[in-house]
Chemist: 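Can you keep this structure in mind? I'll have questions shortly.
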Amino acid sequence: MARRQYPFHLIEPRWQDRWLAGQTFRAFNPGESIPADHPFGLRHNLAGRTPSADELPPKFYILDMFPYPSGAGLHVGHPEGYTATDILARYRRAQGRHVLHPMGWDAFGLPAEQYAIKTGQHPRVTTTANIANFTRQIRSLGFSYDWSREVDTTDPGYFRWTQWIFLQLYEAWFNPATRRAEPVSTIPYPADCDTEARRRAYRDARRLAYVAEAPVNWCPALGTVLANEEVVDGKSEVGGFPVVRKPMRQWMLRITAYADRLLEDLGLIDWSDSLKEMQRNWIGRSEGAEVDFQLDGHAAKVRVFTTRPDTLFGATYMVLSPEHRLVAEITTPSQRAEVERYQQFAAGRSDLERTELAKDKTGVWTGAHAINPVNGARIPVWIADYVLASYGTGAIMAVPAHDERDLAFARTFHLPVVQVVQPPHKGTPWEGFCDEGTAVNSSGPGISLDGLPTADAKRQVTAWLEGKGLGQRTVNFKLRDWLFSRQRYWGEPFPIVWKTDPATGERHHEAIELGSLPLMPPELDDYKPTEDGQPPLARATAWLELPDGALRETNTMPQWAGSCWYYLRYLDARNGGAFASGDAERYWMTGRPGVGPGPEPASGVDLYVGGTEHAVLHLLYARFWHKVLFDLGHVSTPEPFHKLVNQGLILGEDGQKMSKSRGNVVNPDDVLREYGADAFRLYEMFMGPLSETKPWNTQGVEGVYRFLGRVWRLFVDEASEVEFEQACAADPAHATAHLERVRLAPSVGDVPATPAQLKALHACIRKVTDDLEHMRFNTAISAMMMFVNEALPWPTKPSGVLASFIQLLAPFSPHLAEDLWERLHRHVGRPAPSLSYAPWPTFDPALLVEDAYDMPVQVNGKLRDVLRVPNEATQADIEAAAMASAKARPFFEGKTIRKVVVVPRRTVNIVAN
RNA sequence: GCCGCCGUGGUGAAAUGGCAGACACAGGGGACUUAAAAUCCCCUUUCCGCGAGGAAGUGCGGGUUCGAGUCCCGCCGGCGGCACCA
């Protein structure tokens, strides 16, 4: 190990202990008393008082995506985002904002349960140990979290409210008239709902949390169903086990009701375009029309969805999904055997096979025909698995001339292809042309689209269909309802019981009493599913069966449940009577118009930082729950997260993704031991822009570590440090106490700053402040390096200049900053105020102005000279100076000067030829 | 295939349309040292030149502009997302 640059190993734990003991970073809810000696209170004249929301400074809620506390411990990727948010939290605190910066644990999840299945150890035990390890690691990095608000999704005091929110969804429906969630009591019933049982069935079919028999992704190896999003290439996202489709009774959440609002409200929030685009694609809104086709020789009609009703005249066949309910009815006897064989083939094909063989079209003719409503054409009806049962109506009209998939199918089975769209550019072949053009060959009895541009043709044919009662304008979404139940032990039990109607024998579900929450999971000896495939909770018969004969729901909620709302629990984490008090929720989520520096307090979380892996699922689910809570009056903003930033991935030193198997994983504990938390934090920010993917480089850590060593040497007296080191060597047990032997250098003192010193400082203040506002941490650090490189040789070092510099450094490397801050104040005989709450330095532009500036001289756009130009020089002066330049002259002499472009304070360009 | 992002020295990277390569890492040279480590100083885009200096240069090809790493069009390469969604 190289020589230690400065005693970070003594400094860092000391300040971490002090911050924890003094609750330095505690945030105060409206109505909470602020201790008389708390630095936040002292800064804002609120010490010993109990301020209301109006009396507290404007809020800043800065949130990290909380981790799953895995057995592997923290990874260098975690602290990247955490460091960025911590720097901003400390910066905003210094600016006078009331910062909410919490941390917690997303602790339900599969690994602890699988470990329990293997070893019989209760997941609680594993989880507690892992949380302890994560806590130790995160604390060793010196983040300014308010630990009094720590949450743990597996804590009954937490999941009580997860269950409570589920019941809010359960007891609500989406009223299409008002476009929002309302209590189920407002559901209007149709006249035929004349019995309580019918009303119940009607009501249960409209709840935001409902039960459906649905084909699900069953993973036999994990013994559970998975959401579509948790299945990747036909395998489970966790573990990579095979997944099969299987119909099962499942709890679903009606997120599709919110599809439009989830889409529209992206306009309210400050997320990257790429992230918004991912959400838009996932929601997958598409406008089109539903059209009814009469089946030839049957009473039934087939309804199709199309985004191109303008191509209706080009429909030469129809395709139903193999699972379509009309298939059995319309199949002719001669085709029956083949159709049934195909249905079996399609059902047995896994998603993986469907995807891999996507381009090879398969299908079978049913023997039936349908009538095209616009021209009366009799077209064959096929089934094929390229038509999905779960999208649109599960049936399509095929227009092979203008749809790639239909064309491939038509070519395979030699079906006719009829042009109905003329491409806008001559020479573009019409066959397979899928864009917009002009309608052709599109006339029938009572309607003609010929000559109309696609958009007009769509409008006209849709209006015609609507007039005839043959179809209507429709919007479809790719987004599906959220499959919300899992067959696991280590998750929130559903607060639901099943009852049997003694008269009819029919089963129905009911919510348990709100007052009986939390519903605890039962204790088990064995965490596997039961022999007959029931979830593990079914093993606990005493828990399962209630005295009145009712049975508990045995599914549990997915891991997303706890992470859907944790940002709300932080607002008031210990509240036993509500998920958060209304006052706390309003204060932290809406703030009030800002005073002082920094952005206006945002509607929702001011800044949320986390990985891209949650770009769709977590963020969509959380937005959905938040909107339901908003509709029901439990929260006051339509969106949970105002500004969202994705941190980039950190790769191994070899440029590959870090993984155990590659052996390129960097353990933060090792880095901390050798270089300390301050250097670690600084390096993670110095590597490059936060959002970029970048490789780890241990030598890069040494670079910033050396910088911190230079900062240390900027302040301390070398001789005293030698004494300190000798004392430590002689008496290592009291190393911390020996720190007192370190004195600051005699060159540091209360002396007036020179103009050059002030200029160096204020340039640094300006750059660091501006960069922090834009989250450009790497360039802020380089500005501080430049300051230190310039300040090291100063013969005298004014304490005021050094103090301001420490403040700039503090958000990045807070331990060293605190230590030097304290020493500096002691050195000049003044008491040290709390660094964490010291007002952020402001720069004085007057100190940065010079009386002249460097002016590049270009000839024909090429740099030829740099002139020193006085500020008051006119354009003519500058031009004259440039023309007189000895270095530039040879490049235009003898040529005709065409033009001289003078851009004051930028450049002068002489154009000559 | 579609959508999005990104291509700058040996490496990580800087650069409101105005001096490309700040700040670091690595490398080379030097000071200090009995020696090493640590520290400090100098050099370090490429090519030509002893030098002063010159030429080229931000994935490739065009364009706009007095001036393009930056803006526009077309390619090539990488990363991420979606993927039979009618």
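In what follows, every chain begins at residue 1, and chains take the letters A, B, ... in the order their sequences are listed.
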Chemist: What is the pairing partner of B/C50, taking Watson-Crick or G-U wobble pairs with both distances under 3.5 Å in any strand?
Modeler: none
Chemist: Of the listed nucleotides (B/C19, B/G18, B/A24), which one gets closest to any side-chain atom of A/R710?
Modeler: B/A24
Chemist: Roughly how far apart, to the nearest Å, are B/C76 and B/U65 at atom P?
Modeler: 28 Å
Chemist: From the list B/C40, B/A86, B/C66, which nucleotide is the closest neighbour of the side chain of A/R713?
Modeler: B/C40
Chemist: Could you check which of B/A24, B/G4, B/C66 has an atom nearest any side-chain atom of A/S274?
Modeler: B/G4
Chemist: For A/G392, which contact category applies under a 4.0 Å heavy-atom criterion: base, sugar-phosphate, or nothing?
Modeler: nothing
Chemist: Can a donor-acceptor pair be found, under 3.5 Å and without considering hydrogens, that links the side chain of A/H774 to the backbone of A/R776?
Modeler: no
Chemist: Taking a pair as Watson-Crick or G-U wobble with both distances under 3.5 Å, which nucleotide is matched to B/C79?
Modeler: B/G4
Chemist: Students often get this wrong, so: under 4.0 angstrom with heavy atoms, is A/R898 touching a base, only sugar-phosphate, or nothing?
Modeler: nothing
Chemist: Measure from the side-chain heavy atoms of A/Q699 and tell me the nearest of B/C25, B/C23, B/C40.
Modeler: B/C25
Chemist: Given the C1' atoms of B/C23 and B/C32, what is the spacing between them in whole Å?
Modeler: 27 Å
Chemist: Which base, if any, makes a Watson-Crick or G-U wobble pair with B/A36, both distances under 3.5 Å?
Modeler: none
Chemist: So that I can tick it off, tell me whether A/K759 and A/E850 are bridged by a salt bridge, with the cut-off set at under 4.0 angstrom between side-chain N and carboxylate O.
Modeler: yes
Chemist: Which whole number of Å gives the distance between the P atom of B/C75 and that of B/A55?
Modeler: 35 Å
Chemist: Round to the nearest Å and state the distance from A/M397 atom CE to B/A86 atom P.
Modeler: 13 Å
Chemist: If you measure from the Lys or Arg side-chain nitrogens to the Asp or Glu carboxylate oxygens, is any gap between A/R713 and A/E718 under 4.0 Å?
Modeler: no
Chemist: Counting heavy atoms from C-beta on, name the nucleotide in B/A20, B/A86, B/U39 closest to the side chain of A/Y391.
Modeler: B/A86
Chemist: How far does the C1' atom of B/G10 sit from the matching atom of B/A83, given to the nearest Å?
Modeler: 40 Å
Chemist: Measure from CG on A/D435 to P on B/C2 and round the result to the nearest Å.
Modeler: 11 Å
Chemist: If we only count heavy atoms from C-beta on, is the A/P380 to A/L415 side-chain gap below 4.5 Å?
Modeler: yes
Chemist: For the ring pair A/W712 and A/Y705, is the centre-to-centre distance below 6.0 Å?
Modeler: no
Chemist: Of all the choices, B/C25, B/A20, B/C66, which nucleotide is nearest to the side chain of A/V911 once you look at every atom?
Modeler: B/C66
Chemist: Under a 4.0 Å N-O cut-off, is there an ion pair linking A/E684 with A/R681?
Modeler: no
Chemist: Once you apply a heavy-atom cut-off of 4.0 Å, does A/Q5 come out as touching a base, just sugar-phosphate, or nothing?
Modeler: sugar-phosphate
Chemist: Using atom P in both nucleotides, what's the gap between B/U11 and B/G7 to the nearest angstrom?
Modeler: 15 Å
Chemist: Quick one: does A/Q343's side chain have a donor or acceptor within less than 3.5 Å of a partner on A/P322's backbone?
Modeler: yes
Chemist: Heavy atoms under 4.0 Å, any strand shown: does A/F787 hit a base, just sugar-phosphate, or nothing?
Modeler: nothing
Chemist: Which of these nucleotides, B/C84, B/C23, B/C25, is closest to any side-chain atom of A/D385?
Modeler: B/C84
Chemist: Once you apply the 3.5 Å cut-off to both distances, tell me the Watson-Crick or G-U wobble partner of B/A68, or none.
Modeler: none
Chemist: Touch check for A/N789, heavy atoms < 4.0 angstrom, all strands: base, sugar-phosphate only, or nothing?
Modeler: sugar-phosphate
Chemist: In terms of side-chain heavy atoms of A/Q858, which of B/G81, B/G67, B/C25 is nearest?
Modeler: B/G67
Chemist: Looking only at the side chain of A/K862 (C-beta and beyond, no hydrogens), which of the listed nucleotides B/A86, B/U39, B/A56 gets closest?
Modeler: B/A56
Chemist: Give A/N778 one of three labels, base, sugar-phosphate or nothing, depending on what nucleic acid heavy atoms sit under 4.0 Å from its own.
Modeler: sugar-phosphate
Chemist: Among the nucleotides B/G54, B/A24, B/A22, which one has an atom lying closest to any side-chain atom of A/F686?
Modeler: B/A24
Chemist: Please name the nucleotide paired to B/G17 by Watson-Crick or G-U wobble geometry with both distances under 3.5 Å, or report none.
Modeler: none
Chemist: Is there a donor and acceptor pair closer than 3.5 Å between the side chain of A/K361 and the base of B/C84?
Modeler: yes
Chemist: Taking atom C1' in both B/U8 and B/G57, compute the distance separating them and give it to the nearest angstrom.
Modeler: 10 Å
Chemist: Determine the contact category for A/K694: base if any of its heavy atoms lies under 4.0 Å from a base atom, sugar-phosphate if only primed atoms, P, OP1 or OP2 are that close, otherwise nothing.
Modeler: sugar-phosphate
Chemist: Look through every strand shown and name the nucleotide pairing with B/A24 as Watson-Crick or G-U wobble, where both distances are under 3.5 Å.
Modeler: B/U11
Chemist: What contact category does A/R905 fall into here, base, sugar-phosphate, or nothing, at under 4.0 angstrom with non-hydrogen atoms?
Modeler: nothing
Chemist: Does the structure show a Watson-Crick or G-U wobble partner for B/C60, both distances under 3.5 Å? Name it, or say none.
Modeler: B/G74
Chemist: Determine whether the aromatic ring centres of A/F680 and A/Y683 lie less than 6.0 Å apart.
Modeler: no
Chemist: Would you mind classifying the nucleic acid contact of A/S390 as base, sugar-phosphate or nothing, using non-hydrogen atoms under 4.0 angstrom?
Modeler: nothing
